[in-house]
Amino acid sequence: MSAPALLEIADLRLSYRTESGAVRAVDGVNLELQRNEALVVLGESGCGKSSLAKTLLRLLPRNAVAPEGVVRLDGEDILGYSEERFRREVRWVRIALVMQAAMNALNPVIRVGEQVAEPLRIHRGWSRRRALERAAEAFSEVGIATDFLSRYPHELSGGMRQRAVIAMALVTEPDIVLLDEPTSALDVLTQAAIMNVLKRIKAERGMSFILITHDVATSSELADRVALMYAGQIVEEAAAERFFTAPAHPYSQMLMAAVPKLHQQQPPRPIPGRPPSLLDPPAGCRFAARCPQRIDRCSEAPPSTTLAPRHRSRCWLHAGGKR
Amino acid sequence: MRRTTSVSETPGSEKPGSERSIGERPGNPSAGVATATRGTVATGGVEATGTGAVTTGGAATPTAPTYQQPHQPLLTVEALQTHFELRQWGFLRVGSVRAVDGVSFTLDHGESATIVGESGCGKSSLARTLLGLHRPTAGRVTFAGTDLATLRGRALKAYRAAVGYVQQDPYGALPPFMKIRRILEEPLIVHGVGTRRAREERIAAALEEVGLEPAHETWQKFPHQLSGGQQQRVVIARALLLRPKLIIADEPVSMLDASVRAEILELLRTIQRQHRLALLYITHDLSTVRHYAHRAMVMYAGRIVEQGPVERLLDRPHHPYTRALLAALVDPDAANAHQQRPIPAGEPPSLLHPPSGCRFHPRCPAIMVGRCEHFDPEEAHPRPGHRVACWLHSR
Amino acid sequence: MSPWRDGLRRLRRYPSALLGALIIVALLATAVYAVVTIPYSEAQRLWRGGDLWQELPVNAGPVWADRLFGGDAPRTLRIPTAAAPIAEEAYEGVRITEQRLTFDFTYSEFPSEINLFLGSSGSDRQPFVRATWITPQGEQIPLDARRIGANERISISQNQTLEGRLGAPPQIGLFSATSAGAGTDQQALEVQQGTYQLLLETVHFAETSELHGELIVYGQVHGWAGTDHQRRDLSVALLWGTPIALAFGLIAAVGTTVTTLIIAAAGVWFRGWVDAVIQRLTEINIILPLLPILVMIGTLYSTSIWLMLGVVVVLGIFSAGIKMYRAMLLPIREAPYITAAQAYGASDLRIILRYMVPRILPVLIPTFVTLIPTYVFLEASLAVLGLGDPILPTWGKILYDAQDQSALYHGFYYWVLSPAALLMLTGLGFALLGFALDRVFNPRLRSL
Ligand SMILES: Nc1ncnc2c1ncn2[C@@H]1O[C@H](COP(=O)(O)OP(=O)(O)O)[C@@H](O)[C@H]1O
Ligand SMILES: Nc1ncnc2c1ncn2[C@@H]1O[C@H](COP(=O)(O)OP(=O)(O)O)[C@@H](O)[C@H]1O
Ligand code: SF4
Ligand SMILES: [Mg+2]
Ligand SMILES: [Mg+2]
C-alpha cells in the first residue's frame, strides 16, 4: 500500500428488506480511492452500484437495513458518525453525490441557480447572495452561461440540466464527487461534452471522483482505476490501463467483448444468461452460471486475490483453484 | 400525377381481410412502374434504384438483398416534412417545429438501414411519420407502391400490420397492468387473428423466436418482472407478431445496459435476416451501428446530411457533422481519460428557427463563409450509393 | 403476481382495512338478510303502516337499551280471549257469558297504554259487554260497558271518565299499588305487581253470537329497534335501509366514477374540441350546486329514490373528478405503450377503454370506495330534508320522522341514534377500507 487512502471501504454490506426477503445489494465491497484519483464503478444495472453510492452518502431508503462494514475517510470511520455529525462534516462538505437521474429531479418551480446554491446554504450556512455568486462560478466551471442561473429547469436542455446538477455537487468543493450514471440518458455528443468537463475539473482542481456507470466506453473517459461490480460484489479492481487492455476476471473479459464498439471488425459477443437474483445469490462465485472457464471450486465463494499491487480479482482461476 | 384509388387499394382488394395484404411484393406491374418512375425523379440521382447494388460489398456486411432490377423499393420517402405547429392558448400560431424537413430515402425489401443523429434532430418524428402516426406536412411516403396518405380503413390497418415498431423505453412500451400474454395477444385481437388457440400458438412462437422460452412461463409475467433486455425482447416479439415487412426500431438499445445492447441488436439482425424484413434502426450512437445495418443515414436538424454503406460511412466519413460525431466517440481505452474529446461547439439548432443554408454551418469547423450560410448544400455523390449534403463535396 | 392480488395481499397488513372490510361485510350481510326475509313489496306494505301495527306500542325503545341501563320497562302483553275459559248461562232469549283475561304483571314500571280489541260475529245483533278490571288485591274497577260491533277498539287508557275516577291516566292508575286520589303525585305511584284480571261479562242476543278479541297492555320497549310514533317497528326500516343505502351509494359511485373516467379519457385522447366541450361542461357543472338542484327536483317533480339516483349520477359525471382524471391521464396519453397500440392499429375506443382507463383504475379504487358513503349520506340528507323516497323505508326517513316528532326533546334517543349509528358505521367502514386502499394502491403515498 502506498499513501494512505482518501477513502477506504472495507467489507461494506447493505441489504433491503422486502416482502420476499432481504435483497443483498452491496455484499462485501472493498475499495480504496486516492487523492485526485478517479475510480469507476462499472457494472450491469441492478448489480448494486447506486446502493453503494447511497450507502456512502447515507441517503438510504426506509427499507434499507443499517449498513455494515467500514468506510474510512482520511482514516476516520464515517460509518460510525451520528446522523447530525455526518450531515455537518461529511455529506456535501467532503463527499457530494450526483444521483442517478438527478437532472430529472430538479424542482421545476425553483430557478436553477437557487437549486445549485442550495448545498452551500444548507451545509455551509452561507448567505443567499454569497452562495449565488459561488453558484455562478460553478456554472462557468461546468460550461453553462451564467445567465442560465435565473432559468427554470424546463428551459434547459438535458445536457444543460446534467451540467447544472454536476455544478450542484461542485459548489461546496468537496474532496470526493460521486457521480451515479451522469450521462446514461444523454446522447453521445452531450455525453462526451460532459466527460470533457469532468476531465478538466479533475485536472484543474485535483478532485477525486467515483464514477458509476454501466457503459464501458464512458467509464474509460475518466477512469484512473476501474472496479467491476457483479451481483453486489467487486469482482475485479485494477488500474485503467490494465483493465482495458488485459482484464483478469472472466466477467471483465466477456464484458469487454460484449459491448458494441466503433472500430471493431468482429461483432460483439453477448454474454449468455442473466445475473443472479440478489435475494438469494448463489453460494459460490456469483458469475459461475455464466462463466465459460468455470471449474469445480467455483461452487465455493472465491476470495479476493491480489494479482499485482492494487489489482485484485475475485476468481478461483487466480486464487489457485485447481480443476 | 395522382395515384388513382383503384391502384392504391389493389392489395387490399386482392386479399380481403388478410393482414398480409400490404407489403406483399406487388402483383400489379403498372403500380410498380409508376412508383419506380416517380422514385427516380424524386431521389434525382443515378442510384435512385440502386441501393441493392451498393450494399453488396464488404465481408462483414450482413447479407444484402438480392432482388433483380428493375424493382420497386419497399419504402420510398420523398421530400418528407413533418412540422409541428406551436400554438399558444390552443389557437394562436406562434411558429412550427420543423422536426422532419425534407427527408428522402428508399429502403428495399429485406434491407436494413440505420438513421443516426443527436437527440432532438427529428429521428423519432420521422419514425412516427413513417408509422402513420403523424400526418406529413409535405412530401410523400410510398410503401410497396401505395401512397401512405391514401390509405384508409382496412388498407390502413393492413399497413399497420405490415410495419412493426420497437421503441426506446422497453418498460414504457409495455402496458404495466397486463401480463405478457395479454400484451402480445392485443395486436392479434385488434387484427382479428384466429381463435384463442391460434393466437396462443403464434405468441409462443414469437416469444421463442426472441429467446424468451419457455413461452408459457414468460407470458405469465408482468413487464416489471422482466429485465430491461427481456422487456425489449417482448417489444420485439410484439412487433413481429403481425408478420411485418418492415420494422422501425427507434433507439431500441439506448436505454439498455451496455452489456445487453449487443444481444438485442444481434436479435434484431437475426430476425431481419430470417424473415427478410426491412429494418430501420434509429440510434444516436454510431458505435452500435457497424455490424447491424447495411446502410447508414446521418440526420441533422431534420435533414439527412450523409448516407451510404455503413462501413464506408464509418471509415471514410465525408460530412463534417459525421466526422464530428465519430470524433466524439471512443472505444474503451485508458488513454481516453487524459485527452479532451473534440466536440462541435454549441448546441444543436432550434428546429423552430433552423439556420439558413446548411443547417450545420453555425457549428461547422470547415464552413465556407459566404456560401454555407446562404445556400442549401447540393447533394454530392462521392461514390455510387454514398451521398453527402455539404458544399465541401459539391463544389 | 398481478398488481391486484399483490395489492390485496398488502392490504391485509392494515388492521384498519380489515376492520373496514368487516363492517362492510356485516352491512352487506344485513342487506342480504333484509331483502331475503322481507320482500320488497312487503317492506313497502309494512312501512305504509296503519292497523298493521296496532298491537305495538307507540315510541317504544329497544329492549336491550333499557336492560343495558338496568331498566325493567314492561314489554307488551297480549291476552287473547281465545285463551280464557268461558262460563255460560242461558236466560230467556239471551246468553250470558263470563270470561276472565288473566295475566301476571311483574314489571316495576307502568305500561304505556292499554287497549281492548273486541269483535263479535255470528249474528246481526251485537252483544253487550261489560268490562271490569280486577287488581291483584281483588279490587274491582268497572271500565266500560257497551255494544260490540264486528271490530271495536276500546281504548282503556284514553278513557277520560276512568282517568277522572282513578286520578291518574288509566294505564298508571289501574296498575298502581295505592289508588291515587285526585292530586296525588303521579311520580310517586308504585307499580302493583301480581295477577290482574279483566272480567268480560257479555250478553249475547242470539244463539250463534260470539265474542273474540284481545287485551293488549302495551309495554315501553319493543324488539331490538323500538317503534316510532306510528307504532311501526323500526327494525323494518333499519334493516331495509341497509340495502337501499348500499345500492344507492354503490350505483351512484360506480355510475359517476366509471362514466366520468371514460369521458375524461375520451377528452384526453381526442383532444381538440371534444376535450374543450368536456372541460366547459365540467366547469359549468362544478358551479351548479348539487343539493339545491336535488331539492328543486324533489319539490317540483318527484322524490323517487331512483330519480334522485339518476340525477345524482348525471350531475356527478361532469364533476371535478374529470379535472383530476384528466391530469392523471394526460401523461399516460403520451406513454410509449399507447403509441405502440396506435402503431399496431388499435382503435380509439380500445385505446381509451383498454389502455388508458385501466392504467389509473388502481389509483381510483380508494377514491371510489370513499365516494360510496358520500352518496349514502347524500341520500340520507335528502330524506332528512323531507325529500326521501315516499314509499321506501330508509335511514334518512327514520331521521326525518324523528326530527319531525321532536324525538330528542321527548327523550326518544334510540329513534335518532340507531339510524345515525348505521350511517356512521357505513361511513366508517368504507373510509377505513378506502384509506388503507389508498396507501396500497396510490403510489404517491406509498413509501417503502
Ligand atoms: N429500496 C429498495 N428496496 C428493495 N430493493 C432495492 C431497493 N433499491 C434497490 N433495490 C435492489 O437492489 C439491487 C441493486 O440496485 P441498485 O443499487 O439500484 O443497482 P444499480 O445502480 O447497479 O442499477 C437491485 O436488485 C434492486 O432491485
Ligand atoms: N408531438 C410533437 N409536438 C411538438 N413538437 C414535437 C413533437 N414531437 C417532437 N417534437 C419536437 O420535434 C423535435 C424533434 O424531436 P424528435 O423527433 O423526438 O427527435 P429525436 O427522436 O431525434 O430525439 C424536438 O424539438 C421535439 O421537441
Ligand atoms: S455545407 Fe458548409 S457548413 Fe455545412 S457541413 Fe459542409 S462545410 Fe460545414
Ligand atoms: Mg443505478
Ligand atoms: Mg427520439
Side-chain angles (χ1 to χ4, degrees), chain A residues 38 40 42-46 157-160 184-193 195-200 202-203 213-224 226 239-245 254-272 274-275, chain B residues 59-60 62 116-121 123 211 226-230 251 253-267 269 283-292 314-315 321 324-345 347-348:
Chain A
V40 168
L42 186 63
E44 297 176 51
S45 45
S157 67
M160 286 297 168
S184 295
L186 302 170
D187 71 75
V188 279
L189 280 187
T190 322
Q191 278 184 26
M195 295 317 289
N196 275 348
V197 168
L198 294 175
K199 281 181 232 179
R200 203 188 63 237
K202 176 168 175 269
T213 180
H214 65 85
D215 190 344
V216 182
T218 310
S219 74
S220 77
E221 291 256 48
L222 194 66
D224 294 314
V226 179
E241 298 79 31
R242 184 67 191 263
F243 187 85
F244 292 121
T245 51
M254 291 181 80
L255 184 65
M256 296 296 276
V259 296
K261 294 180 211 68
L262 187 55
H263 306 287
Q264 180 189 41
Q265 289 322 304
Q266 290 304 311
R269 289 187 307 273
I271 312 175
R274 285 180 65 193
Chain B
V116 189
E118 279 173 274
S119 64
C121 74
K123 305 183 296 295
L226 303 178
S227 71
Q230 291 175 318
E251 310 224 26
V253 297
S254 299
M255 297 199 35
L256 301 181
D257 255 28
S259 55
V260 297
R261 283 180 188 162
E263 231 173 274
I264 297 295
L265 289 170
E266 182 67 43
L267 175 69
R269 185 173 70 153
T283 179
H284 67 84
D285 187 357
L286 266 173
S287 59
T288 60
V289 157
R290 188 178 289 268
H291 302 283
Y292 304 109
L314 293 180
D315 297 335
Y321 178 64
L325 268 183
L326 284 166
L329 286 176
V330 287
D331 281 340
D333 180 5
N336 295 338
H338 307 292
Q339 41 196 259
Q340 292 272 310
R341 226 98 309 281
I343 294 164
E347 295 244 325

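Just so it is clear: chains get the letters A, B, ... in the order the sequence lines come, proteins before strands, and each one is counted from 1.
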> With a cut-off of 6.0 Å (strictly less than), are more than 12 heavy atoms of other residues, nucleotides or ligands near CZ of A:Arg200?
yes

> For chain B, which of A:Ala193, A:Pro272, A:Ser219, A:Pro260 has the most heavy-atom pairs under 4.5 Å?
A:Pro260

> Given 3.5 Å as the limit, does a donor-acceptor pair link the side chain of A:Asn196 with the main chain of B:Arg341, or not?
yes

> How close do A:Asp215 and B:Ala258 get, counting heavy atoms only, and between which atoms?
CA-CB, 3.8 Å

> Which atom pair, heavy atoms only, marks the closest approach of A:Ala240 to B:Ala334?
C-CB, 3.7 Å

> Closer than 3.5 angstrom, by distance alone: can the side chain of B:Asp257 be matched with the main-chain N or O of A:Ser45 as a donor-acceptor pair?
yes

> Which heavy atom in B:Leu314 sits nearest to a heavy atom in A:Leu262, and how many Å separate them?
CD2-CD1, 4.1 Å

> How long is the gap from NE2 on B:His338 to CG on A:Asp224, to the nearest 0.5 Å?
5.5 Å

> For the CZ atom of B:Arg290 and the NE2 atom of A:His263, what is their distance to the nearest 0.5 Å?
7.0 Å

> Go through the atoms of B:Glu347 and report whether side chain, backbone, both or neither lie under 4.5 Å from a heavy atom of chain A.
side chain

> Just so I understand: if I count every heavy-atom pair under 4.5 Å between each of B:Gly120, B:Pro344, B:Ala262, B:Gly211 and chain A, which residue has the most?
B:Ala262

> Could you tell me the separation between the CE atom of A:Met256 and the CG atom of B:Asp331, rounded to the nearest 0.5 Å?
9.5 Å

> Determine yes or no for a side-chain-to-main-chain donor-acceptor pair under 3.5 angstrom, with A:Asp187 supplying the side chain and B:Ser119 the backbone.
yes

> With sequence neighbours left out, write down each residue that passes side-chain contact (heavy atoms from CB on, under 4.5 Å) with B:Glu263, or none if nothing qualifies.
A:Pro270, B:Arg233, B:Val260

> Examine distances only and state if a side-chain atom of B:His291 and a backbone atom of A:Gln264 form a donor-acceptor pair shorter than 3.5 Å.
yes

> Sort B:Ala327 into side chain, backbone, both or neither according to what part of it lies under 4.5 angstrom from a heavy atom of chain A.
neither

> Could you pull out the closest heavy-atom pair between B:Ala328 and A:Ala192, with the gap in Å?
O-CB, 3.7 Å

> Pick whichever of A:Val226, A:Ile271, A:Val216 has the most heavy-atom pairs under 4.5 Å with chain B.
A:Val216

> Chain B heavy atoms under 4.5 Å from A:Leu186: which part of the residue, side chain, backbone, both or neither?
backbone

> For B:Leu326, is it the side chain, the backbone, both or neither that has a heavy atom under 4.5 Å from a heavy atom of chain A?
both

> Any idea which heavy atoms bring A:Lys199 and B:Gln339 closest together, and the distance?
NZ-O, 2.6 Å

> Measuring heavy-atom distances to chain B, does A:Thr190 have an atom under 4.5 Å in its side chain, in its backbone, in both, or in neither?
neither

> Judged by atom type as modelled, is there a donor-acceptor pair below 3.5 Å linking the side chain of A:Lys261 to the main-chain atoms of B:Pro332?
no

> With a 4.5 angstrom heavy-atom cut-off, which part of A:Ala223 approaches chain B: side chain, backbone, both or neither?
backbone

> Identify the two heavy atoms, one from B:Val330 and one from A:Ala217, that lie closest to each other, and give their separation to 0.1 Å.
O-CB, 3.7 Å

> Look at B:Gln340, B:Glu266, B:Met255 and state which one has the largest set of heavy-atom pairs under 4.5 Å with chain A.
B:Gln340

> Do the non-hydrogen side-chain atoms of A:Val188 and B:Leu329 ever get within less than 4.5 Å of each other?
yes

> Quick check on A:Leu222 against chain B: is it the side chain, the backbone, both or neither that has a heavy atom closer than 4.5 Å?
backbone

